[in-house]
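All of these numbers come straight from a predicted model, not from anything done at the bench. Naming convention: chains lettered A, B, ... in sequence-line order (proteins, then strands); numbering from 1 in each chain.
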Amino acid sequence: MTAALTKIYIPRDTTACSLGADRVAAVIQRHIEKNHLPLEIVRNGSRGLYWLEPMLELETEQGRVACGPITPDQVDEFMAAASWRNIDKHPLYLGLTEDIDYLKRQQRLTFARVGVIAPTCLEDYCQHGGFAGLRTALAMKPQAIVSCITDSGLRGRGGAAFPTGIKWQTVLDTASAQKYIVCNADEGDSGTYSDRMIMESDPFSLLEGMIIAALAVGADRGYIYLREEYPLAEEVLNRAIEVAYANGYLGGAIAGSKFSFDLELRLGAGAYICGEETSMLESLEGKRGEVRSKPPLPAISGLFGQPTVVNNVISLATVPIILARGAEHYQRYGAGRCRGTLPFQLAGNIKYAGLVELAFGYSLRDLLEDFGGGTRSGRPMRAVQVGGPLGAYLPESQWDTALDYEAFIEIDAVLGHGGVVAFDDTVDMSEQARFSMEFCAIESCGKCTPCRIGSVRGVELIDKICAGKAPAQNSILLEDLCYTMANASLCAMGGMTPIPVRSALEHFAEDFEVATGPASRPSPQA
Amino acid sequence: MGLASNSPLEHEKLVEGIIKELQDLPGALLPILHRLQDELGFIPPALLPVIATGLNLSRAEVHGVVSFYHYFRSSPPGRNTIQICRAESCQAMGSRALEAHAQRALRCKFNQTSADGEFTLLAVYCLGNCACSPAVRVGDEIYGHVDAAKFDSLVAALSTSEVEVK
Ligand SMILES: Cc1cc2nc3c(=O)[nH]c(=O)nc-3n(C[C@H](O)[C@H](O)[C@H](O)COP(=O)(O)O)c2cc1C
Ligand code: SF4
Ligand code: FES
């Protein structure tokens, strides 16, 4: 008789691995084999407490306890000294994982299983509430499913915050023999990684959300459009799709029903614009990722001209819990027109970087200070970019703004996909504004002039202003250009690039004066 | 990257096989280009007419697609491809200095290959590793908190020849 093995968890997630989690796992494995230890390694996803990665967890009678951040060298010692037998004496001991303050203060709905389960273990998924939403949906009429999503108040988490239920209703109401569900997994916004985490750490929740969407609107084919920059997510998703097919959750007769749904993963090819939904559809059709003019809406004429639901990873991965717990439960979180939770992603120069899922309504300052703990460099924080490369740079005077789509629009900013990138006082905001224009020039699909040409002119104008060449006149020209881009671009790429540029000019005007060039500033890594 | 031989005839056979396997997928062109680049490391321009014929497209259409996407390349890369994230979160943690350092160390600019053929340097805009910026990707490995010293040791570990990184 062998004694039951104790589980030891080591995350397999891009960021955890970039900090050495694979090497930690290899060291532990070596010790287990050499000394026949009664331990079993489980590669879970990451809880998203990234400043604690690599973080290992051990199963105990009290629950899972954590230790971290632990380097491969430290783990060697940890195993050699059999520290896992009395882990609570270890200097890196963090106590019960669930009681870690950073985690405990969150409201994890979409991310409830992330970091808890082994990502592609179907049994683990089901034991933690997986497919409860699908079971509920299978017993409902399509209209009832759509109404449930509408009532929940869920708005698209990809950035535009369009009500998901209304989009689904349009697809349901458009008669067609062929409809599609397309998951936007292009996650191009800098400072964001929540889609990646779902795909790497709880991929079945995304699959389940897509299956429910298909049931709701009457689609039988789906695609996940994943960016090429996410090799681990690609591997995990492909494995999850394989497991789902093998267990009757994809293909014909899903979960024993009459309903069928086929799903395929497709890779992008390094184009930010392909995150824009119509450009993504072009790309899926095998073409250049040029933005389509709307109308028609993709919900009416989308992929291959058929009615198509296009939703972000987080929107879709949130669907199962809404079905499982009910619309009423979900919409109880948040306030006003922002219901439910948003997974914020703390990034850039921040001490405690990580994923923070919160109901709407906290202030940005709560996030930056209570969770983020200030800058990583220890210098004063000066600017925060929220909502990706097309989002505004916010000075401290705006940090008390509530994390709420409408409150952000009111200050000419966006919440977008929930990325929060902090900068310390070494930042040169003229460089940041210049980069926004440069990025637009690099990533423009080229279809319309304000964006394609305007962005190039924008870079030139900022260079002139900072070099002291007729700064007053060129600033007027730059504002004119921003006005044109904002009002005459076909899509939000050109249309929103002025947001970060204008915010930098408005709130950090001193950085555009000749005297304060980058050379006079200390390096951020000092 | 697998390696079929480099003869044009072999390339043609390879792409014909890939087309045969994937042409029935709806919107097959991107999957075909991906597979080809996985195999060869790049999309040889000489193969565009073969792909065009196979998919019943014009050569201009295929060229238009290949050239639209940053990821597809028309010339072979070095033995290792190093991507440095240039996006905002990494900027906040010193990626501008890292970019400059990398170009000095490898003595090549972005989109170029070092003289010894070891490294191709590419820009990337976010690797989803923004919680530990600056981020760098080599092949399918992603590295976090990369400063100049860490970059140098990474390069040294990857070098097959004895190069001094300076
Ligand atoms: C330039 C640009 C880039 C975008 N990138 C993404 C992206 O990477 N991921 C995403 O989900 N949505 C992105 N969007 C938003 C999509 O166009 C679309 O609104 C979204 O996929 C709809 O899904 P949702 O309603 O679930 O958010 C982008 C939009 C624009 C204009
Ligand atoms: S705004 Fe830019 S990205 Fe959007 S359609 Fe016009 S050129 Fe293309
Ligand atoms: S901005 Fe560099 S990894 Fe995201």
So, the part of A:Leu19 with a heavy atom under 4.5 Å from chain B: the answer is side chain
Between A:Ala269 and B:Phe72, the two heavy atoms sitting closest are CB-CE1, 3.6 Å
Bottom line for B:Pro31: the part with an atom under 4.5 Å from chain A's heavy atoms is side chain
Correct closest heavy-atom pair for A:Tyr50 and B:Ala131 would be CD1-CB, 3.4 Å
Ranked by heavy-atom pairs below 4.5 Å to chain B, first place among A:Leu267, A:Asp195, A:Leu284, A:Thr375 goes to A:Leu267
Hey, would you say the A:Tyr272 and B:Tyr125 ring centroids sit under 6.0 Å apart? no
_From CA spacing to verdict: salt bridge (charged side-chain N to carboxylate O under 4.0 Å, His left out), A:Arg23, B:Glu141_ = CA-CA 13 Å; A:Arg23 280 175 293 144; B:Glu141 288 295 319; over 6 Å; no
Turns out that what part of A:Glu234 lies under 4.5 Å from chain B's heavy atoms comes down to neither
For A:Phe435 and B:Ala87, the nearest pair of non-hydrogen atoms, with its separation, is CZ-CA, 4.3 Å
Correct closest heavy-atom pair for A:Ser190 and B:Glu88 would be OG-OE1, 2.7 Å
As a quick check of understanding, evaluate side-chain contact (heavy atoms from CB on, under 4.5 Å) for B:Leu25 and A:Glu264, giving each step before the final call.
CA-CA 10 Å; B:Leu25 290 177; A:Glu264 199 189 312; 3.9 Å; yes
To the nearest 0.5 Å, atom CD1 of B:Ile142 lies from atom CG of A:Leu232 at 8.0 Å
**Sub-4.5 Å side-chain heavy-atom contact between A:Ile442 and B:His70** = yes
Sorted by chain and residue number, the side chain to side chain donor-acceptor pair (under 3.5 Å) partners of A:Glu229 (sequence neighbours excluded) come out as none
Okay, A:Asp22 and chain B: the region with an atom under 4.5 Å from a heavy atom over there is neither
*Are B:Pro26 and A:Tyr223 side-chain neighbours, meaning at least one heavy-atom pair lies under 4.5 Å?*
yes
* To do: State, yes or no, whether a side-chain contact exists between A:Phe423 and B:Met93 at a heavy-atom distance under 4.5 Å.
  => no
Under a 4.5 Å cut-off applied to non-hydrogen side-chain atoms, are B:Arg96 and A:Glu431 in contact? yes
The interface call for A:Ala383 against chain B, heavy-atom contacts under 4.5 Å, is neither
Residue pairs meeting salt bridge (Lys or Arg N to Asp or Glu O under 4.0 Å), one or both in residues 433-447 of chain A, sequence neighbours left out, come to A:Arg434-A:Glu438, A:Arg434-A:Asp463, A:Glu438-B:Arg86
Highest number of heavy-atom pairs under 4.5 Å with chain B among A:Glu235, A:Glu290, A:Glu187, A:Arg266 belongs to A:Arg266
Interatomic distance, CZ@B:Phe68 vs CD1@A:Ile273, rounded to 0.5 Å, equals 7.5 Å
Okay, A:Ser283 and chain B: the region with an atom under 4.5 Å from a heavy atom over there is both
Do other residues, nucleotides or ligands put more than 12 heavy atoms under 6.0 Å from A:Lys351 NZ? no
Between B:Asn129 and A:Thr14, is there a side-chain donor-acceptor contact under 3.5 Å, judged purely by atom types and distance? no
Heavy-atom nearest pair, A:Gly348 first then B:Ser89, reads N-OG, 2.9 Å
Residue from A:Glu285, A:Gln345, A:Glu228 scoring the most non-hydrogen pairs under 4.5 Å with chain B is A:Glu228
The interface call for A:Cys274 against chain B, heavy-atom contacts under 4.5 Å, is side chain
One option among A:Glu53, A:Arg288, A:Arg376, A:Met197 has the most heavy-atom pairs under 4.5 Å with chain B, and it is A:Arg288
With chain B, the option among A:Gly419, A:Ala233, A:Ser194, A:Gly268 that has the most non-hydrogen atom pairs under 4.5 Å is A:Gly268
Most contact-rich option vs chain B, by heavy-atom pairs under 4.5 angstrom, among A:Pro231, A:Gly48, A:Gly270, A:Gly20, is A:Pro231
When the 4.5 angstrom heavy-atom criterion is applied to B:Val65 and chain A, the contacting part is both
| Taking it one step at a time, do A:Val427 and B:Gln91 satisfy side-chain contact (heavy atoms from CB on, under 4.5 Å)? | CA-CA 9 Å; A:Val427 68; B:Gln91 293 166 6; over 6 Å; no
When the 4.5 angstrom heavy-atom criterion is applied to A:Tyr352 and chain B, the contacting part is neither
Rounded to the nearest 0.5 angstrom, the CG-SG distance for B:Asp140 and A:Cys17 is 12.0 Å
Note: B:Cys130 and A:Tyr193 closest approach over all heavy atoms is SG-CD2, 4.1 Å
The interface call for A:Thr192 against chain B, heavy-atom contacts under 4.5 Å, is backbone
